[in-house]
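Read the structure below first, then the notes.
Note that this is a predicted model, so its numbers are computed, not measured.
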Amino acid sequence: MSVAEKAPETGTRPARARAPRFTDEHGHRVRVWELVLRYVLLIAVLALTVGPFVWQLSTSFKGPTEDIFSSPPKFLPSHPTLHNYERVSETIPVWDYALNSLKVAAANVVTNCVGSALAGYALARLRYRGRRVAALVFVLAMLVPAEGIIIAQFTTMRELGLNNTLIGVVLPGSIGAMNVLLMRNAFLNLPYEIEEAAYVDGANVWQRFLRIALPSVKGTLAVVAIFAFMGAWDDFLWPLIVLSDPSRFTLTIGLNYLHGTFANDERLVAAGTIIAVAPLIALFACLQRYFFRGVGEGAVKG
């Protein structure tokens, strides 16, 4: 037998190309049409939620010669300009209103974070009679609409002499029932063994709260801070009722006057809207790491 006949065949059949396989976070196989459907739904939700903001942002940069109602609509301005933002500041004292809103929102964040953390810790970790009743009271407080007690709040602020003041704007929302329940649930997820070990070492209640419990719920505390800031910054009805001096107006009330005076100029309204939304975006960008950690709050770190 010749050498050529003894040599094994070197040619092999080409391997059949495998179709790409898609899996989810658990390793389960996902069909292609399911993946396409997911992305289509995500894009639709993204268009519904982010689309109006993108349109307002585009409108705020459009000049007076551009048609903002053209068909089909143009998202990108032909000649971007910041003149609309200058006109907003020239029309109303927008930066003074923004400063008033920042004072109210900052005070609301501090009072909610401190008060909700203390109340949530007391409801979750301290032993006393009526603890469950107190937690039920906070749940029932969430069921009462704000419009149903707004007249009583206004009467209380007037009797206290806090009418037409920023303190009167902050005080009714200084501690939210929902924020207290969020902190309570976060503290309940902490293992009792950690605090028991600290108690054996001689730590008192305040030391256990400040050094053990509170650092373990930073995520939920960030959620409370974001909710408190958004609620105070976007509030319109209560500042409109309690404030009468234009120098103390918050940004939402000031932008309402802008819209009423220049209802036909959508560019000014869009610029004012972007000014109002920008601090919320900045706050969420700074706290998003802690915000998404709030879902798994209470885990023990090694």
Side-chain angles (χ1 to χ4, degrees), residues 17-63 66-82 84-85 88 101 105 142-143 145-147 176 178-179 181-182 185 219-220 222-237 251-252 255-256 258-259 262-297:
R18 284 188 177 183
R21 183 176 181 180
F22 302 99
T23 58
D24 56 10
E25 64 274 11
H26 301 293
H28 300 153
R29 185 174 182 181
V30 180
R31 297 181 178 88
V32 177
W33 67 268
E34 292 179 351
L35 189 65
V36 172
L37 181 61
R38 291 181 184 181
Y39 277 101
V40 169
L41 293 177
L42 287 175
I43 293 174
V45 172
L46 182 66
L48 291 175
T49 54
V50 184
F53 172 77
V54 175
W55 176 255
Q56 288 288 85
L57 181 63
S58 173
T59 304
S60 66
F61 288 114
K62 291 182 179 179
E66 293 189 55
D67 185 11
I68 60 177
F69 299 107
S70 61
S71 181
K74 294 175 60 178
F75 281 94
L76 297 178
S78 302
H79 304 285
T81 178
L82 296 175
N84 295 323
Y85 294 91
V88 170
S101 293
M142 295 178 58
L143 303 179
E147 293 78 7
M178 180 180 177
N179 296 331
L181 294 177
L182 285 174
N185 292 337
T220 306
V223 173
V224 170
I226 292 175
F227 284 169
F229 190 93
M230 291 178 59
W233 186 270
D234 293 336
D235 192 13
F236 173 77
L237 181 60
L251 188 57
T252 52
L255 293 180
N256 180 63
L258 177 70
H259 187 274
F262 296 92
N264 294 327
D265 196 344
E266 298 293 338
R267 298 170 182 83
L268 282 182
V269 178
T273 303
I274 298 302
I275 293 174
V277 174
L280 300 179
I281 298 176
L283 177 68
F284 184 79
C286 295
L287 298 180
Q288 63 174 338
R289 180 181 61 179
Y290 300 102
F291 182 84
F292 292 111
R293 275 177 48 192
V295 179
E297 199 68 86

Non-hydrogen side-chain atoms of [X] and [Y] separated by less than 4.5 Å:
X	Y	value
L283	C286	no
L182	N179	yes
Q56	V277	no

**Report entry** Counterpart residues, side chain to side chain donor-acceptor pair (under 3.5 Å), relative to T59 (two or more places apart)
**Finding:** none
Query raised in the report: Which atoms form the tightest heavy-atom contact between N84 and K62, and what is the distance?
Result: ND2-O, 2.9 Å
Query raised in the report: Do you know which two heavy atoms are closest between P52 and A47, and how far apart they sit?
Result: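 It is CD-O, 3.8 Å.
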Query raised in the report: Is the count of non-hydrogen atoms from other residues, nucleotides or ligands lying under 6.0 Å from L76 atom CG greater than 12?
Result: no
Report task. Might you work through the side chain to side chain contact (heavy atoms under 4.5 Å, CB included) test for T81 and F61, ending with a clear yes or no? Result -> CA-CA 5 Å; T81 178; F61 288 114; 5.8 Å; no
**Report entry** By ring-ring contact (aromatic ring centres under 6.0 Å, His included) - contacts of F227 (at least two apart)
**Finding:**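 With neighbours one apart ignored, the set is empty.
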Query raised in the report: Can you tell me if S60 uses its side chain to pair, donor with acceptor, with the backbone of L57 under 3.5 Å?
Result: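 Judged by distance alone, yes, a pair lies under 3.5 Å.
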Requested in this report: Keeping the roles fixed (side chain from T273, backbone from V269), state whether a donor-acceptor pair exists under 3.5 Å.
Outcome: yes
Using a 3.5 Å cut-off and no angle test, enumerate the donor-acceptor pairs between side-chain atoms of residues 229-237 and protein atoms at least two apart in sequence or in another chain.
| residue | atom | partner | partner atom | Å |
| --- | --- | --- | --- | --- |
| W233 | NE1 | A276 | O | 2.7 |

Requested in this report: Look up atom CD1 in I275 and atom CG in L255, then write down how far apart they are to the nearest 0.5 Å.
Outcome: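 It is 7.5 Å, given to the nearest 0.5 Å.
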